[in-house]
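Everything on this sheet refers to the single structure shown next.
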Amino acid sequence: MKDERKKMKEEKDDRDVLKLCTLSGTTEIGRNCNFAQYKDEIVVIDAGYSFPGQEMYGIDYLIPNTRYLKKNKQYIKAILITHGHLDHIGALRWMLPDLGYPPIYAGGFAKSLIELKMKEYKMEDKVKIYGVDRNSQITIGKYFKASFIGINHSIPDAFSIFLESPKGNLFFSGDFKFDVKPANEPLSDYQKLHSLRGKVDLALIESTNATVPGKAPSETEVSKNLEEVISNYPGRIILSAFSSLITRLYSVIEIAKRTNRKVLLAGRSLDQAITIARNNGYIKVEDDIFIKDKELGKYPDNRILILCTGSQGERFAVLNRISLNEHRTIKIKKGDLVIMSSSEIPENISKIEKMTDRIIALGADLMKDTVNLKIHSTGHGNQEDIRAMVNMIKPKYIMPIHGSLTFRYFNKQNLEKWGFNKNNIFLTDDGQMWEYDGRTWRRGKKIESKPILIDGLGVGDIGDIVLKDRKQLSEFGVFTVILNLSANTKKIIGKPRFLSRGFIYFKHSHELLKEIQNCIFDTHREWLNSQKDIEQANEKELKTQLEKNLGKLIYKKTEREPIILVDVM
Ligand SMILES: [Zn+2]
Ligand SMILES: [Zn+2]
């Protein structure tokens with residue numbers, strides 16, 4: 001009886017408190033998702049995914065845990081999106097069905113990206129998505145009101161969000177920086193930020209660059225430096241940048257135009273990003289600036305700019321393939337200049353160096369971002385940007401998010417140094433609920449926040465599958481089973497035969513092979529029993545089932561994941 005009552009209370013919480021849950025993406029960069037709850041209404045902010053660590057083979061994405069939200073889906077009134085990067089929108093296609101397709105509010109660029117994904121996964125009829133801009137103020141349900149505030153980041157239409165409730169107001173910084181001279185986009189909306197002073201009961205502030213002193217360089221400065229380099233260079237330019245950094249890509253294309261160079265877009269993600277940006281009016285250039293691979297020879301070297309991805313030395317990205325001389329049409333030659341308009345993610349540094357070694361060895365000149373010549377700027381504010389933000393809005397309480405504990409810790413230390421009371425700065429965790437009674441915040445319960453693993457196989461991206469196979473092959477080898485079935489009875493004739501390359505040495509694996517054999521017999525027996533008509537037996541089903549069961553067994557026994565091929569004859 002007592003338990004029953006407690007359960008009832010859990011489901012419907014009528015207490016007069018504003019709740020905030022830092023569900024996901026708090027303690028790292030990626031998989032962002034927070035939500036606010038007041039009585040029977042919930043508003044979700046962002047729904048991003050992250051990439052798995054190196055040990056999670058076969059897993060493509062991690063998405064926020066949806067257990068609590070699923071259970072309370074009838075209360076979810078809206079999903080608000082700060083901006084269109086995948087660590088903020090990438091999980092929507094998996095989360096939306098779980099949450100019953102609540103309406104999404106997103107800026108124009110994010111909206112286009114989301115709509116494209118929804119179409120790809122045939123969800124466009126179920127999804128309600130509304131575009132917002134810098135002037136949008138929306139009423140959500142009975143209790144909430146949200147305002148979108150234009151800030152600078154590295155993608156068009158990036159916002160901070162101010163969320164009002166009857167019991168208190170929240171501010172979500174989103175990913176931001178203050179660019180004093182932004183390229184191709186307006187300044188941050190300082191006036192609106194100022195107008196929030198005294199109204200923010202808790203500000204969630206990103207911590208990505210909390211350890212970097214000074215101010216994030218302006219995109220215009222970067223663009224000016226790039227133009228100087230490019231216009232004075234007599235040979236071909238191969239420039240690599242992040243494909244999510246739309247503002248930079250636009251600048252580079254404009255520089256090409258001004259310096260009379262044609263642009264070759266090399267790399268699928270880059271091509272896609274620019275197509276979306278052009279289709280939606282975020283990048284305004286004529287078609288004739290772009291050329292195809294085969295036209296490379298038609299123009300003199302000083303009229304060519306190749307824009308590509310792969311600044312992190314990713315194995316199959318264009319720049320790395322070029323450096324390995326593996327690219328079909330783009331070959332480095334003496335006199336080329338490779339410009340890395342990017343930062344180096346620490347875990348990639350040695351990979352990047354090996355790649356640039358190869359580029360130099362092939363005879364190209366190389367240019368990287370340096371303190372003296374800024375050819376890259378972060379989309380995330382440095383210490384002075386963060387300081388400017390909190391000084392403008394003067395929140396009562398602050399919560400550093402979007403970074404490991406170390407980064408959030410330094411964010412907190414800076415805030416203290418700048419005069420914020422350390423008792424009013426909270427370091428939170430994923431899944432942590434917070435409650436505000438109008439005066440103080442206190443830690444509530446912790447809800448389940450373990451990320452959900454997504455295996456993208458079968459979702460339909462052949463390119464990804466091929467990459468995955470290659471990776472799997474290189475790491476675990478291949479294990480092949482050949483099975484002879486009788487044409488009439490479909491019983492196994494003789495023993496299964498095995499072939500292996502790079503997986504195990506048969507001589508020393510008798511026990512494992514015996515278990516594999518048993519697994520094959522068991523799976524086959526089960527399959528045979530399930531077939532209604534032996535003559536029409538579905539052998540494809542047997543193959544699939546064998547590959548699955550063997551995969552499981554082999555992983556359990558060896559912690560390896562070779563490619564498993566079954567051939568039924
Ligand atoms: Zn971002
Ligand atoms: Zn982010």
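These numbers come from the heavy atoms of this one structure, side chains and all, not from hydrogens, waters or symmetry mates.
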Does the side chain of Tyr250 come within less than 4.5 Å of Ile274's, by heavy atoms?
no

Suppose we call two aromatic rings close when their centres sit under 6.0 Å apart. Are Phe407 and Tyr409 close by that rule?
no

Evaluate the side-chain proximity of Ile138 to Phe144: yes if any heavy-atom separation is below 4.5 Å, no if none is.
no

Under 3.5 Å, is there a donor-acceptor pair between the side chain of Ser112 and the main chain of Gly108?
yes

For the pair Glu41 (side chain) and Lys142 (backbone), establish whether a donor and an acceptor sit closer than 3.5 Å, ignoring hydrogens and angles.
yes

Donor-acceptor contact below 3.5 Å, side chain Ser173 vs main chain Glu206
yes

Ignoring hydrogens and geometry, is there a side-chain-to-backbone donor-acceptor pair from Asp179 to Lys181 under 3.5 Å?
yes

Residues in ring pair (Phe, Tyr, Trp, His ring centres under 6.0 Å) contact with Phe159, at least two apart in sequence or another chain
Phe148

Could you check whether the rings of Tyr61 and Tyr49 sit parallel, tilted or perpendicular, using 30° and 60° as the cut-offs?
parallel

Is it true that Glu221 and Lys374 make a salt bridge, defined as a side-chain N closer than 4.0 Å to a carboxylate O?
no

Answer yes or no: is there an ion pair linking Glu228 with Lys224, defined by an N-O contact shorter than 4.0 Å?
no

Set out, in order, the CA-CA distance, both residues' side-chain angles and the distance that settles salt bridge (charged side-chain N to carboxylate O under 4.0 Å, His left out) for Glu120 and Lys117, then state yes or no.
CA-CA 5 Å; Glu120 197 179 321; Lys117 269 279 170 270; 3.3 Å; yes

Where do Gln37 and Tyr68 land on the side chain to side chain donor-acceptor pair (under 3.5 Å) test, with the steps shown first?
CA-CA 12 Å; Gln37 180 167 12; Tyr68 180 91; 2.6 Å; yes

If only atom types and distance count, is the side chain of Asp336 paired as donor or acceptor with the main-chain N or O of Ala364 below 3.5 Å?
no

Any residue meeting ring pair (Phe, Tyr, Trp, His ring centres under 6.0 Å) with Phe171, in chain and number order, not counting sequence neighbours:
none

Leu337 versus Leu366: any side-chain heavy-atom pair under 4.5 Å?
no

Kindly determine whether His88 and His402 satisfy ring pair (Phe, Tyr, Trp, His ring centres under 6.0 Å), including the steps that lead there.
CA-CA 11 Å; His88 297 260; His402 204 281; 5.5 Å; yes

Derivation and outcome, side chain to side chain donor-acceptor pair (under 3.5 Å), residues Thr428 and Thr22:
CA-CA 7 Å; Thr428 184; Thr22 49; 2.7 Å; yes

d(Asp430 CG, Cys33 SG) to nearest 0.5 Å is 10.0 Å

Working note: Asp87 + Arg31, criterion salt bridge (charged side-chain N to carboxylate O under 4.0 Å, His left out); need CA distance, chi angles, decisive distance, verdict.
CA-CA 5 Å; Asp87 60 323; Arg31 209 176 351 106; over 6 Å; no

Enclosure of Gln191 CD (heavy-atom neighbours >12, cutoff 6.0 Å)
no

Is the backbone of Gly379 close enough, under 3.5 Å, to the side chain of Asp175 for a donor and an acceptor to pair up by distance?
no

How close do Ile425 and Lys412 get, counting heavy atoms only, and between which atoms?
O-CE, 3.3 Å

May I have the step-by-step check of side chain to side chain contact (heavy atoms under 4.5 Å, CB included) for Tyr190 and Ile151, ending in yes or no?
CA-CA 8 Å; Tyr190 298 108; Ile151 37 92; over 6 Å; no

Compare every heavy atom of His380 with every heavy atom of Lys177, then report the nearest pair and how far apart it is.
CB-C, 3.9 Å

Between the side chains of Glu314 and Lys351, is the shortest nitrogen-to-carboxylate-oxygen separation below 4.0 Å, so that they form an ion pair?
no

Among Phe35, Phe426, Trp441, Tyr397, the one residue meeting ring pair (Phe, Tyr, Trp, His ring centres under 6.0 Å) with Trp434:
Phe426

Pairwise side-chain contact, Val229 with Ile339, heavy-atom cut-off 4.5 Å (strictly under)
yes

Report yes or no: does Ser50 contribute a side-chain atom to a donor-acceptor pair with the main-chain N or O of Gly30 at less than 3.5 Å?
no

Indicate yes or no: at least one non-hydrogen side-chain atom of Val252 is less than 4.5 angstrom from one of Ser341.
no

Counting only N and O atoms by type, is there a donor-acceptor contact under 3.5 Å from the side chain of Asn280 to the main-chain atoms of Tyr282?
no

Drop me the distance from Tyr38's OH to Lys77's NZ, to the nearest 0.5 angstrom.
15.0 Å

Could you go through the salt bridge (charged side-chain N to carboxylate O under 4.0 Å, His left out) check for Asp437 and Arg15 one step at a time?
CA-CA 9 Å; Asp437 59 8; Arg15 287 177 307 141; over 6 Å; no

Ser154 versus Thr247, closest heavy-atom pair with distance:
O-OG1, 3.2 Å

Mind listing the closest non-hydrogen atom pair of Leu18 and Gly168 along with its distance?
CD2-O, 3.5 Å

Could you please spell out the steps behind the side chain to side chain donor-acceptor pair (under 3.5 Å) verdict for Ser188 and Asn152?
CA-CA 6 Å; Ser188 296; Asn152 303 115; 2.9 Å; yes

Please confirm whether Arg93 makes a cation-pi placement over Tyr121, using NZ or CZ under 6.0 Å from the six-membered ring centre and within 45° of the ring normal.
yes

Whether Gln432 side chain and Cys21 backbone form a donor-acceptor pair below 3.5 Å:
no

Any idea which heavy atoms bring Ile255 and Ser223 closest together, and the distance?
CD1-O, 3.4 Å

Does the side chain of Met118 reach to within under 4.5 Å of the side chain of Leu92, using non-hydrogen atoms?
yes

Lys446 side chain near Asp429 side chain, heavy-atom distance below 4.5 Å:
yes

Any side-chain donor-acceptor pair under 3.5 Å between Ser449 and Asn65?
no

Side chains of Ile140 and Lys145: closer than 4.5 Å at any heavy-atom pair?
no

Residue pairs involving residues 163-173 (criterion salt bridge (Lys or Arg N to Asp or Glu O under 4.0 Å); sequence neighbours excluded):
Asp16-Lys167

Would you say Thr66's side chain and Leu69's backbone share a donor-acceptor pair under 3.5 angstrom?
no

Residues Glu416, Lys422; criterion salt bridge (charged side-chain N to carboxylate O under 4.0 Å, His left out); working and verdict
CA-CA 6 Å; Glu416 285 173 33; Lys422 72 170 184 219; 5.6 Å; no

I would like to know whether His376 and Arg248 meet side chain to side chain contact (heavy atoms under 4.5 Å, CB included); could you show each step before the answer?
CA-CA 9 Å; His376 172 70; Arg248 176 81 40 80; 2.9 Å; yes

On a heavy-atom basis, the closest approach of Ser218 and Pro182 is OG-N, 4.4 Å

Tyr105 and Ile81: side chain to side chain contact (heavy atoms under 4.5 Å, CB included), yes or no, with the steps?
CA-CA 6 Å; Tyr105 296 87; Ile81 300 294; over 6 Å; no

